[in-house]
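Reckoned from all heavy atoms, side chains included, excluding hydrogens, waters and symmetry mates.
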Amino acid sequence: MSRTPQTMPAVAYRTSLPVDHEKSLVDTTLPVPRPGRRDLLVQVGAVAVNPVDYKVRQNNDPGGEPKVLGWDAAGTVASVGEEVESFRVGDEVFYAGAIDRPGANSLFHTVDERIVGRKPSSLSFAEAAALPLTSLTAWEGLFEHLGLHTDALRQSGTLLVTAAAGGVGAMVSQLASALTSLTVIGTASRPETVEFARRMGAAHIVDHRTSLAPQVREVAPDGLDFVFSTAGTDQNLAVYGDIVKPFGRIVAIDDFGPVEIGLLKSKSISFHWEFMFTRSLHQTADLAEQGRILNRISRLVDAGILTTTATTDLGKINAEHMREAHRILESGKAIGKITMSGF
């Protein structure tokens, strides 16, 4: 690999502006970061865009300083910190990174090796970049918070996945259908989202634009055992209290205000949060678990058990394409994941 340059192209924002403003995201040049003791310096091959990107852009004004977004990347290790143990220069990797560090929408990016996985060899950089954030969110939500098992013979019941054609919903459906015996019910409303949700593993589809309870009861007359709520949790909590069985479990990832959690008490329904950045944000003792999860995802992809959720590649990584990606995500009509490759 050639000698690392001193500066690099990047996409950043300097102030919080509406996505249609030409300066809401801008092309810029920044110094190449230096890896810390446990860091990898990765030459970014491709990135994917998530709702967290536009939420940070809208709600975190950097006061004129360039702030780089992007928490899904795949690339090649360019150099390593002095205490790195698991990777070496030339390794192909994929990861989501940490919310309290600069994002990956730049030619070079530093990331703690413990939250990095080896890129699936069967995927391109763009196809791989679509997976880390949503795979980690889905895995932690299913197998840590909902308490599911990765042995299909040990787990049965019914799981509702909201927005099953979205990035997280698609990975939840894939993992649940591939690694457990759960019956997966996904929510979707348009013909194209229904088709994609089914392709990702949802055995049944209900329309989230109309009343969920009667539709769910047609498929699961005895009620739900689990809910993975990616959107509309506050609006649907009373419905969950009605259709989730006693001692059922709910995990949510979306943002909302106060809710009446007491609606779940009479059935002893447990409610869990999943925030993929918790481990890195709080430097938990099990931080390296995210690297292990990504390596398992990689093996499942290469075995043909899981597939990428990349659906739209916008071309080169630049401000124009990034604004378009944010625009699509803000519309709420994205299917799967949006990616970009190279500078």
Quiz item: If you round to the nearest 0.5 Å, how far is OG of S135 from CD1 of I293?
Solution: 9.5 Å

Quiz item: Which class fits the ring pair W71 and F277: parallel under 30°, tilted 30 to 60°, perpendicular over 60°?
Solution: perpendicular

Exercise. Might you confirm whether atom CD of Q6 has over 12 heavy atoms from other residues, nucleotides or ligands at distances under 6.0 Å?
Key: no

Quiz item: Heavy-atom distance under 4.5 Å between the side chains of I185 and V161, does that happen here?
Solution: no

Quiz item: So, does T308 use its side chain to make a donor-acceptor pair with the main chain of E127 at under 3.5 Å?
Solution: yes

Self-check item: Common cluster, Y240/L182, ILVMFWY with side-chain heavy-atom separation under 4.5 Å
Solution: no

Quiz prompt | Within the 6.0 Å centroid threshold, strictly below: W273 and F256 | solution = yes

Quiz item: Just wondering, are more than 12 heavy atoms of other shown residues or ligands nearer than 6.0 Å to NZ in K23?
Solution: no

Quiz item: Are more than 12 heavy atoms from other residues, nucleotides or ligands located less than 6.0 Å from atom CZ of R327?
Solution: yes

Practice problem: Kindly say whether G241 contributes a backbone atom to a donor-acceptor pair with the side chain of K267 at under 3.5 angstrom? | Solution: yes

Self-check item: Near-ring test F275/H282, centroid separation under 6.0 angstrom
Solution: no

Practice problem: Quickly, which of I253, T162, D254 forms a side-chain contact (heavy atoms from CB on, under 4.5 Å) with T233? Name it, please. | Solution: D254

Quiz item: Do other residues, nucleotides or ligands put more than 12 heavy atoms under 6.0 Å from the CZ atom of R88?
Solution: no

Quiz item: Would you call E83 and R38 a salt bridge, taking side-chain N to carboxylate O under 4.0 Å as the test?
Solution: no

